[in-house]
Amino acid sequence: MLSEKAKGKQRAIDPEADGESSTFRRLTIRFTEGIPDLALFVTSTDAVRDVKAKITSARPQLQDRRLRLIHAGRLLTDGTLLHSWLSTLEERQSRAKTSPSSDTSPSPPQSHIITWLHCSVGPNMEPGTETDEKPQITQLRPLRGFDRLVTAGFSEEDISNFRRQFHSQSSSDYLDIDIENDDEELYVHFRVLDRPRLIDLVDDEHARALEEQWIDSMDTVSNAPLVQTSVQSMLLRGIVMGFFFPILPFFFLRDAKPAAFWDDGNEVQPTENVIFPYVATCSGCSTRTTTTAPFFSFPHTMDLQGLAGLFATTYNADPNIQKAGELQIRKIGAQEGMLTAILQIIASDSVDLSTRQACSVYLKNRIHTSYILDAPGTRPEQIPIAQSDRDALKSNILRVLAGSPSRTITVQLGATLKDLISHDFPDRWSGLLESVNALLNSGDIREVGAGCVAALECVRAFRYRQTKDFLPLVVEKLFPTLVTVASGMLNTPPSSAQEIPSMLHLILKAYKTSIIVNLSVHQQSPESLVPWGRLLFQVVNLSLPSNAVPENEDEREKSEWWKAKKWAYATLGRLFHRFGNPSQLPSPMQKEYGEFANHFVTAFAPEIFKVHLHQVELYVSKQAWLSRKCQYQIFQFFTACIKPKSTWVLLKPHTNRLVSNFVFPHLCFTPTDQELWASDPVEYLRASIDEYENISSPVSGATSFILALASVRTKIAFLPMLKFVNEILTSNAAPPQKFGALNITAALGPFVMRHPEVKGSMEDFMVRHVFPEFTASEPYMRAIACEVLGTVVKHNLEWSNPENLARHSNAVGNALDDPELPVRVQAALALTQMVAAYESVRTAVSPRVGEVIRRLLKLSDETDLDLLNTSMESMVELFQDELLPVATELTGRLCESYLRLAKDGLAQTGETNLDNVDIDTILDTDDDKIYGAMGVAKTITTIVSSVDSNQEILRQVQEVVIPIIRFTLENKLIDLFDHMYELVDNLTFKLASISPNMWPVFELTYSLFKSDAVDFLDEMLPSLDNYVSYGADVFKARPDYRQKVLDIYETAMTNESFGDNDRINGCKLAESILLNLVGHVDDHLQNIIKIAIDHIDGGHTYAFKLANMIVLINTVFYNPTAALHLMENYKPGTARLFFDRWFAAINTEDKLPRVHDKKLSLLVLSKLLEVDGTMIPASLMEGWYGIVGGALVIFKSLPQAITKRKALEQTMIDEEDEDDDDDARYLNLEGEDDEDVWDEDSAYLEMLANESARLRARSEKQVEQGDDVSEDSEESAIEEELGFFSLIDAINPYTTFKHALTSA
């Protein structure tokens, strides 16, 4: 295990597709079951399902769990392209804060910002369970907005017309220009027509809310108008615009020249003018004035000039003209020839650049959403594209690309091309590769550039395919030409001209992108490897004159030459650590890449090492400059060289110099750090303390390098690094260098405290080198002193002299009052570790623990750092008795903090219900605030658990907590639902009662389940079970409450969107109802039986079949004779069918695996023995005698099941008490010094590769044999649910059965 700091600085995953900040996005995943946060990244093509796959790869324990990702209060469906979705949010949020005129300006990349996602961890998913998140459809969905007019007799056509006219004057902006970063390029989305489905859904929700508001305003004169203008003004505006609007387009068309197509230059005369329909709608008025004039009609020939003018209106400053233009484009968008005409406009130099850009964005969106339509999932606005347009696109898009006038249009055309390739190549576009090669060989720089773009898009279209079908063909046909072109470019001396480095950048990016998953046979051959390797070395070694790159270092980082160099470094590293490292190559890849790896590691890896080392020497000696991302890639390569023997022998002689000259400067306190400390101390804390630092930074790479040296080559490299640290600290080094030495100590803390030769001297080290820094004049030295102390204490530092411990603890206590915020935070974290580790410190803090907790709470409010919430949790657990008197007060303070964070996280619109929140409100959600609220909620949960011994205080705490639960549910803060339901579960279970103020939470839960939170039944179930179990008297007195819980069961069982796990939860709720409400759900017994019988053969897993069977068994336990006869009344023979299935399970080993299943069956069999023979259905008479035999079978296996349950309980206790600090996981003190190393990380990668191979083989088998192949074959065993309690737990089945036998 690594220290918190070390884990934060160690890069989790190497970006596989792109290294530019615009092509991937950093995520931090927070889990609901105490699993450590996970840092990873997504690329522009990653959907939510891909992120889930990355999560399960990094957290194997979640492999078979159901995962749901939530962001900004929205449940993310599996098909959502996450990078695009997040970029859309950020751009729209940015535009909301700027003037409308800035809408079309690209926003800078925001990849340095960590995006938090909440991962709700559900139950195990059995094989065959549907994993895709589908839109959940409730059984009772109320009509909203104008849909309510159906009840008044209006037709769907009438309502559609109302809606179109109403929203034509809505205050919402339906022309959204969104900037999305994809592979370091600017993707502009004009959601004029084919807006992404996610925004459609949100806009639809907002539209319904506006309609509701308008309808409601008809009854209340005082309500604010929908459109922010007066009725008189709107009427006047409508009259004037209606009069003048038919001639407005002439102002756009008066000087424009007709667009020319390709080479002939013939002008196409417009056939008619462009006239838009205008609708004036006044809020609160029942009449609408509509003036409609003819619009575009293109039977065969498109009016290019008019069409260009129409697209020009879409970025007009007048929103009315924008709206009219958009509606008109929607009307004509499906006409044949439309896309061909748009391509002509893009190619025409006589058309304004902005108009051509608008056309290119429309073209990209139209192709992306409608080129291939899946009939079941087709939306009404998705209209098929005519074959003539498809042919024209493929015939001309490469020529248009070659003539592209701007980078933005090139990017849009590239995205369009990628979609065409992915759908039509090679079967319907066999000549594509020949056309691309023709561009590359043309000699015209614009055509060569277009060929480079096209080659990259050919690769990107298939880069993530596991099957080796199309990408190897692309590589074999295009890459020989690409390497020849690139090599020729390097014959020209570097200059400030951007054409050559831009094309070189694209070519190298194409190669790197092609090796994300596989290395083709062609690429493994010497005919490919040698020229590409030579090219990569040339680029890395290329010396760039000062006039070829910007003087400013930040601008130089972004220059095309350094992008090309970065891709060269990244490609060499990828070739080595993915395919060319035989000692670390997973066994499933040995057959395909084993021979290549053995050749590469001996022939190429040494040369790569020499090139990297040479560049470092030039950089260290100030003879050359290296970009930060290039430095990161060098660190990554050196780190990969540590485990293999063949590369370690090359690296070994240079490790000391690399640490002192290359690593150390990055870990010192730099002027950049000082500037950030002074300007934004909270951001400095997040960068230095928060668990995940900036991916691709040299600091992250340097830290990973020394951690790998310490853990893999401990005997060789560890002690020399510590010697270097001591030399710095004992010399007259400047404070920034001393900071660097202590920074290394903090990173290596877990290793230091486990090394047998070092850990004994750490007390002296602390006294000599760390303690004096608590009083240093430089605040950053005081902060690093606290950090080092906290790290070594956390990893079991033992003090031989109690005075030294006291001095350090007093120093930390004093640091809590430091004027600098970062020092106070580090002191708080260090104090938490000391309190947990030492009884004497605990005793000293005990009298003032309330004050300490308040300090922590204040710091948490100032910084919103989750680590401080964790510290508060630890303090609460350690001082339960001391905090008991102030538990209610402390909880109140925490609830205030929670509400502040939750309210800050909500969009600031003055509305508290998200049904009435507009889209910009959702986009403004502050993830940091929401995740801060999560941390506070966890601390409150800890307090609830710590005061459960005092029921009176727990009741007081409950009353303080209920308002934040209701606030969260009422405002639909989905990110926080599982934390709130955990609180509800704990409070109701520990109090074993339901207070009057807790019942509104039940009502909210039902309402949410039937609307926004239908997918949260797993989180709701424990609380619902407690309501039924401990509030049975209220349910017995409230028929409406009984109907609610029964409706939840029915919805869970009958909603087609639900899978087996949801239905299992529904079955558990039904069992609770039947056990706790005996005699009060008689009217519903028939429906429960009907639903269960209908699903007796349903589901994909045995776990669901068993849960459904348990419901039927419970109906018999509820009322034996009534249940059996209701079965027969529903379908004759059903009772016999049930008995056959039940007794088949009884007589089959492990089909009733749990203690609860066996006890319930015994109790029901005992009841059946007491049934009057005249009441037994005729179909059951023949086998009735088998009841005793079935009971005896269960009695025989019951003791074994009880023993297994007790063993499982003990195992859980032992695991909680286990100390997993295994020195062997940190230090490699065994084996030969220079041999290959296979460690825990290597084994983990091997496991992932094996699992990937297994899943791929299974998928291929399903494709070959159909979906019905072995759905239950890999189902895991059904285990005991140790947290499940029911009324029958207290019943002795032996006594009950004996009584039944004697009375029968």
Side-chain angles (χ1 to χ4, degrees), residues 1046 1049 1053 1067 1070-1098 1105-1148 1151-1152 1154 1156-1198 1286-1288 1291-1304:
L1046 287 162
Y1049 162 68
M1053 294 294 290
C1067 292
E1071 180 175 21
S1072 181
I1073 295 169
L1074 292 167
L1075 288 175
N1076 289 282
L1077 303 181
V1078 176
H1080 290 82
V1081 289
D1082 293 352
D1083 294 342
H1084 302 280
L1085 190 61
Q1086 173 70 72
N1087 192 42
I1088 294 174
I1089 290 174
K1090 174 184 178 298
I1091 292 171
I1093 290 296
D1094 288 344
H1095 290 83
I1096 198 166
D1097 293 318
K1105 291 179 172 64
L1106 175 60
N1108 190 57
M1109 177 67 67
I1110 293 297
V1111 172
L1112 288 171
I1113 296 172
N1114 270 285
T1115 61
V1116 179
F1117 189 57
Y1118 178 90
N1119 188 325
T1121 55
L1124 295 176
H1125 283 282
L1126 286 172
M1127 290 181 191
E1128 285 296 298
N1129 290 340
Y1130 176 52
K1131 289 180 182 179
T1134 298
R1136 179 59 182 267
L1137 173 65
F1138 159 65
F1139 261 72
D1140 288 344
R1141 300 295 172 82
W1142 183 19
F1143 274 80
I1146 290 174
N1147 292 302
T1148 304
K1151 289 299 183 181
L1152 293 177
R1154 297 166 299 197
H1156 175 78
D1157 306 331
K1158 297 179 185 297
K1159 288 185 66 174
L1160 176 66
S1161 293
L1162 286 170
L1163 296 176
V1164 174
L1165 290 174
S1166 299
K1167 271 199 171 186
L1168 290 174
L1169 287 175
E1170 298 175 351
V1171 172
D1172 189 327
T1174 59
M1175 302 299 293
I1176 301 172
S1179 62
L1180 299 178
M1181 290 298 297
E1182 182 181 353
W1184 199 254
Y1185 66 90
I1187 290 177
V1188 175
L1192 294 177
V1193 171
I1194 298 176
F1195 275 124
K1196 185 177 180 179
S1197 61
L1198 180 60
S1286 75
L1287 290 175
I1288 69 171
I1291 303 176
N1292 187 324
Y1294 294 94
T1295 304
T1296 304
F1297 187 71
K1298 180 179 178 181
H1299 179 269
L1301 282 177
T1302 56
S1303 60

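For the single chain, residues carry numbers from 1 onward in sequence order.
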Quick check: do [X] and [Y] have side-chain heavy atoms less than 4.5 Å from each other?
| X | Y | value |
| --- | --- | --- |
| Ile1113 | Asp1157 | no |
| Leu1162 | Leu1198 | yes |
| Trp1184 | Leu1168 | yes |
| Asp1097 | Arg1141 | yes |

Could you measure the distance from the [atom1] atom of [X] to the [atom2] atom of [Y]? Nearest 0.5 Å is fine.
| X | Y | atom1 | atom2 | answer |
| --- | --- | --- | --- | --- |
| Leu1085 | Ile1073 | CG | CD1 | 11.5 Å |
| Met1109 | Asn1114 | CE | CG | 12.0 Å |
| Ile1091 | Ile1096 | CD1 | CD1 | 14.0 Å |
| Leu1163 | Leu1287 | CG | CG | 11.5 Å |
| Ile1093 | Thr1115 | CD1 | OG1 | 8.0 Å |
| Tyr1049 | Leu1074 | OH | CG | 8.5 Å |

Counterpart residues, side-chain contact (heavy atoms from CB on, under 4.5 Å), relative to [X] (two or more places apart):
| X | answer |
| --- | --- |
| Leu1192 | Val1188 |
| Ala1107 | Ile1064, Cys1067 |
| Asn1119 | Thr1121, Ala1122 |
| Asp1082 | Tyr1118 |

Considering all heavy atoms of both residues, which atom of [X] and which atom of [Y] are nearest to each other, and what is their separation?
| X | Y | result |
| --- | --- | --- |
| Leu1112 | Ile1089 | CD2-O, 4.3 Å |
| Phe1143 | Ile1187 | CZ-CA, 4.0 Å |
| Ala1092 | Val1111 | CB-CG1, 4.3 Å |
| Ile1194 | Ser1161 | CD1-CB, 3.6 Å |
| Glu1170 | His1299 | OE2-ND1, 3.5 Å |
| Val1193 | Ile1146 | CG1-O, 3.4 Å |

With sequence neighbours excluded, what pairs up with [X] under the side-chain hydrogen bond (donor to acceptor under 3.5 Å, both in side chains) test?
| X | value |
| --- | --- |
| His1156 | Glu1071 |
| Lys1158 | Ser1197 |
| Asn1087 | Glu1050 |
| Thr1174 | Asp1172 |

Pair Phe1117-Val1078, side chain to side chain contact (heavy atoms under 4.5 Å, CB included): steps then yes or no
CA-CA 9 Å; Phe1117 189 57; Val1078 176; over 6 Å; no
Does Met1053 offer a backbone N or O that forms a donor-acceptor pair with the side chain of His1095 under 3.5 Å?
yes
Ignoring hydrogens and angles, tell me if any N or O in the side chain of Thr1296 forms a donor-acceptor pair with the backbone of Pro1293 under 3.5 Å.
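Side chain of Thr1296 to backbone of Pro1293, a donor-acceptor pair under 3.5 Å: no, none is there.
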For residues 1130-1138, run the donor-acceptor check on the side chains, cut-off 3.5 Å, and write out each pair with its distance to 0.1 Å, sequence neighbours left out.
{"unit_1": "Tyr1130", "atom_1": "OH", "unit_2": "Asp1094", "atom_2": "OD1", "d": "2.5"}
{"unit_1": "Tyr1130", "atom_1": "OH", "unit_2": "Asp1094", "atom_2": "OD2", "d": "3.3"}
{"unit_1": "Thr1134", "atom_1": "OG1", "unit_2": "Lys1131", "atom_2": "O", "d": "2.6"}
{"unit_1": "Arg1136", "atom_1": "NE", "unit_2": "Asp1140", "atom_2": "OD1", "d": "3.1"}
{"unit_1": "Arg1136", "atom_1": "NH1", "unit_2": "Ser1179", "atom_2": "O", "d": "3.3"}

Once ring-ring contact (aromatic ring centres under 6.0 Å, His included) is applied, do any residues pair with Tyr1185, and if so which ones, sequence neighbours excluded?
none
Checking Phe1297 now: which residues fulfil ring-ring contact (aromatic ring centres under 6.0 Å, His included) with it, not counting sequence neighbours?
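Testing Phe1297 for ring-ring contact (aromatic ring centres under 6.0 Å, His included), a comparison that skips the adjacent residues, returns Phe1195.
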